[in-house]
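Atom set for the values below is all heavy atoms of this structure, side chains included, hydrogens, waters and symmetry mates excluded. Counting from 1, the numbers follow the sequence of the chain as shown.
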Amino acid sequence: MNYTKSDIKKITSLKQFLDLEMHKLLPNQDMMIKNHLNLVEYLESESPFFVLRKFKNYSNRGSNYSFENHSFTVSDNEPALWVFMETFNQFELDFSTLIENQRFPIAFAIKEGEKQGNIWKTIGRKHQEFAANGWKHCHIFQCSPLGVTINHKNDLKQRSLRLLSPLNHFPFFSPRKYKMPYDYGENKECIDYVIWWLYTNFYNDANKTYFKNFVEEQGFIIAIDEPKDIKIEYSIKNNQLSKTKKTDNIIVKTKATKKATKTSSKTNNMESNLESTCFKISQNWYGQGMIITVRFTNGRIFQYDHDEVYDNTILHYGNLDCWNKYGWFSNSRNIPQNCKPFVTEILN
């Protein structure tokens, strides 16, 4: 089942977006409930292996950790996205088999320093179309609340539930693709409205109780009255427009080129541009919003969004020896065939 592409429409409020788009963006609600209950059953079994979103002092994805003799590993958002998309594609999930056999990805890609302690065999993104089509995978409740430590086995269960349960997931426009005043998918008022809308307008009477129980177990009470609607504003980022903007068959560059600088974790969402003589994707460049212009020695010029190419090709390049050794892939002669759909040639 193909996941829909994000589309620029004249949507001006959160309610309008949810009413018009969300029913086709979420999995079948019966399958969502079924996979949620399957997950709960596994997490309440005698000796579950917990999967948590990485957090302070527990950041090596795929490594084996323990708390009071309870084993767990940590991940990025890949397991959550995988469960969401498998549920969307109408697959019932047996979490005991999936976790014991490590059948879903624990990470998009792991860094060199994480490899020594890695016990999890499945790495890489399976459902590339989700991000490629302009969506961000969001959580209703935070998987790793900032500054909150683990004090009890139930904390492991709750974090695993928040990471993997399809009841805790929803899509929204990706800040990578769209310019917005702020990230709506992370905003508390927006999420509160999404919870109310899901309970009131999405789940049928037979499934409302399951969703309500899940929400209340997280310490949240669903509003009786409709919360205040929220104005939303979004537009395609300039670097996305530059890939399709043409004049007399000449592709127009819409950004000036400057040297890329290292960014801190506080500024790593700011776009930076880099000019190079070779095509390259790198683990260290990921998440910095780089727009790269390549000038090959034969005179041909290409431009690409580093993270978009990375998202759509890492399943291949992440398995190469050069990636395992250096954490990057480069080509000084041409654009690899599998990358060409995501790269634009600049015509002189």
Practice task
Could you label the plane-to-plane angle of the F279 and F329 rings as parallel, tilted or perpendicular, counting under 30° as parallel and over 60° as perpendicular?
Solution key: perpendicular
Exercise for the section: Could you tell me whether E308 and K177 have a side-chain N and a carboxylate O separated by less than 4.0 Å? Expected result: yes
Handout entry: Flag if over 12 foreign heavy atoms under 6.0 Å of CD, E92
Key = yes
Exercise for the section: For K115, look at atom NZ and say whether over 12 heavy atoms of other residues, nucleotides or ligands are found less than 6.0 Å away. Expected result: yes
Fill in the blank from the handout: Between the CD atom in Q90 and the CG atom in N28, the distance rounded to the nearest 0.5 Å is 4.5 Å
Handout entry: Stepwise salt bridge (charged side-chain N to carboxylate O under 4.0 Å, His left out) check, R176 with D305
Key = CA-CA 10 Å; R176 273 205 221 149; D305 180 328; over 6 Å; no
Exercise for the section: For ring-ring contact (aromatic ring centres under 6.0 Å, His included), just list the numbers for F211 and F202, CA-CA rounded to whole Å, side-chain angles, deciding distance to a tenth of an Å, and then say yes or no. Expected result: CA-CA 10 Å; F211 180 69; F202 179 71; 8.6 Å; no
Exercise for the section: Count the heavy atoms belonging to other residues, nucleotides or ligands that lie under 6.0 Å from NZ of K280, then report whether that count exceeds 12. Expected result: yes
Practice task
Would you check if there is a donor-acceptor pair between the side chains of T122 and Q102 at a distance under 3.5 Å?
Solution key: no
Practice task
State whether Y193 and K15 meet the cation-pi test: NZ (Lys) or CZ (Arg) under 6.0 Å from the six-membered ring centroid, and within 45° of the perpendicular axis.
Solution key: no
Problem - pair L14-L18: side-chain heavy atoms closer than 4.5 Å - result: yes
Exercise for the section: Output the distance between atom OG1 (T4) and atom NZ (K24), rounded to the nearest 0.5 Å. Expected result: 5.5 Å
Exercise for the section: Please check if the distance between the ring centroids of W135 and H169 is under 6.0 Å. Expected result: no
Exercise for the section: Please confirm whether F342 and Y304 have ring centers closer than 6.0 angstrom. Expected result: no
Practice task
State, with a plain yes or no, whether a side-chain heavy atom of L26 is found less than 4.5 Å away from one of P171.
Solution key: yes
Problem - Between Y326 and S282: side-chain donor-acceptor atoms closer than 3.5 Å - result: no
Exercise for the section: Answer yes or no: is there an ion pair linking E44 with K157, defined by an N-O contact shorter than 4.0 Å? Expected result: yes
Exercise for the section: Give a yes-or-no answer on whether the side chains of D225 and W196 include a donor-acceptor pair shorter than 3.5 Å. Expected result: no
Exercise for the section: Report yes if some heavy atom in the side chain of I106 is under 4.5 Å from a heavy atom in the side chain of E78; otherwise report no. Expected result: no
Handout entry: hydrophobic_cluster_shared for I221 and I224, side chain cutoff 4.5 Å
Key = no
Exercise for the section: Could you tell me how the ring of F17 sits relative to the ring of F173: parallel (under 30°), tilted (30 to 60°) or perpendicular (over 60°)? Expected result: tilted
Exercise for the section: Find out whether V83 and F104 are in side-chain contact, i.e. whether some heavy atom of one side chain is under 4.5 Å from a heavy atom of the other. Expected result: no
Practice task
Could you tell me whether the side chains of N207 and D30 share a donor-acceptor contact shorter than 3.5 Å?
Solution key: yes
Handout entry: ILVMFWY cluster, F91 and L39 together (side-chain gap under 4.5 Å)
Key = yes
Exercise for the section: Answer yes if the ring centres of H137 and F84 are under 6.0 angstrom apart, and no otherwise. Expected result: yes
Practice task
Determine the interplanar angle of the F172 and F170 rings, folded into 0 to 90°, and report it as parallel if under 30°, tilted if 30 to 60°, perpendicular if over 60°.
Solution key: perpendicular
Exercise for the section: Consider only side-chain N and O atoms of D229 and S13, and report whether a donor and an acceptor are under 3.5 Å apart. Expected result: yes
Handout entry: Check: H316 and N338 side chains under 4.5 Å, non-hydrogen atoms
Key = yes
Practice task
Would you indicate whether N204, at its atom CG, is surrounded by more than 12 heavy atoms from other residues, nucleotides or ligands within a distance under 6.0 Å?
Solution key: yes
Completion exercise
Taken to the nearest 0.5 Å, the spacing of L198 CG from I191 CD1 works out to 11.0 Å
Practice task
Look at the rings of Y310 and Y286 and say which category their plane angle falls in: under 30° parallel, 30 to 60° tilted, over 60° perpendicular.
Solution key: tilted
Problem - Side-chain donor-acceptor contact under 3.5 Å, Q218 with R162 - result: yes
Exercise for the section: Using a strict cut-off of less than 4.0 Å between a Lys/Arg side-chain nitrogen and an Asp/Glu carboxylate oxygen, indicate whether R159 and D155 qualify as a salt bridge. Expected result: no
Handout entry: Cluster check L274, I335: I/L/V/M/F/W/Y, side chain < 4.5 angstrom
Key = yes
Practice task
With the side chain counted from C-beta on, respond yes when F141 and F214 share a heavy-atom pair under 4.5 Å apart, and no when they do not.
Solution key: yes
Handout entry: N-O pairing of D183 and K136 below 4.0 Å
Key = yes
Practice task
Please answer whether the main-chain N or O of E233 pairs with a side-chain N or O of Y184 as donor and acceptor at a distance below 3.5 Å.
Solution key: yes
Problem - Note, N151 side chain near T149 side chain (heavy atom, < 4.5 Å) - result: yes
Exercise for the section: Answer yes or no: are there more than 12 heavy-atom neighbours, outside K212 itself, under 6.0 Å from its atom NZ? Expected result: no
Problem - salt bridge (charged side-chain N to carboxylate O under 4.0 Å, His left out) between E189 and K228, intermediate numbers included - result: CA-CA 9 Å; E189 286 72 24; K228 182 180 178 180; over 6 Å; no
Handout entry: Atom CG of N154 with >12 non-hydrogen neighbours under 6.0 angstrom
Key = yes
Handout entry: Verdict with supporting geometry, L81 and F130, side chain to side chain contact (heavy atoms under 4.5 Å, CB included)
Key = CA-CA 9 Å; L81 175 59; F130 185 88; 3.6 Å; yes
Practice task
Check whether the ring centres of F67 and Y65 lie less than 6.0 Å apart, and answer yes or no.
Solution key: no
Problem - Short side-chain donor-acceptor distance under 3.5 Å, E41 and S45 - result: no
Problem - Residues E68 and H152: side-chain donor-acceptor under 3.5 angstrom - result: no
Exercise for the section: Using the rule that two of Ile, Leu, Val, Met, Phe, Trp, Tyr join whenever any of their side-chain heavy atoms come within less than 4.5 Å, decide whether M31 and W82 are in one cluster. Expected result: no
Practice task
Would you indicate whether the side-chain heavy atoms of F108 and N77 approach each other to under 4.5 Å?
Solution key: no
Exercise for the section: Is it possible for you to say whether Y199 and M32 belong to one hydrophobic cluster, with membership spreading through side-chain heavy-atom contacts below 4.5 Å? Expected result: yes
Exercise for the section: Using only heavy-atom distances, determine whether the side chains of T87 and N35 contain a donor-acceptor pair under 3.5 Å. Expected result: yes
Donor-acceptor contacts, no H, no angles, side chain residues 50-61, under 3.5 Å, sequence neighbours left out:
residue	atom	partner	partner atom	Å
R61	NE	E114	OE1	3.4
R61	NE	E114	OE2	3.0
R61	NH1	D76	OD2	3.1
R61	NH1	A109	O	3.1
R61	NH2	A109	O	2.9
R61	NH2	E114	OE1	2.7

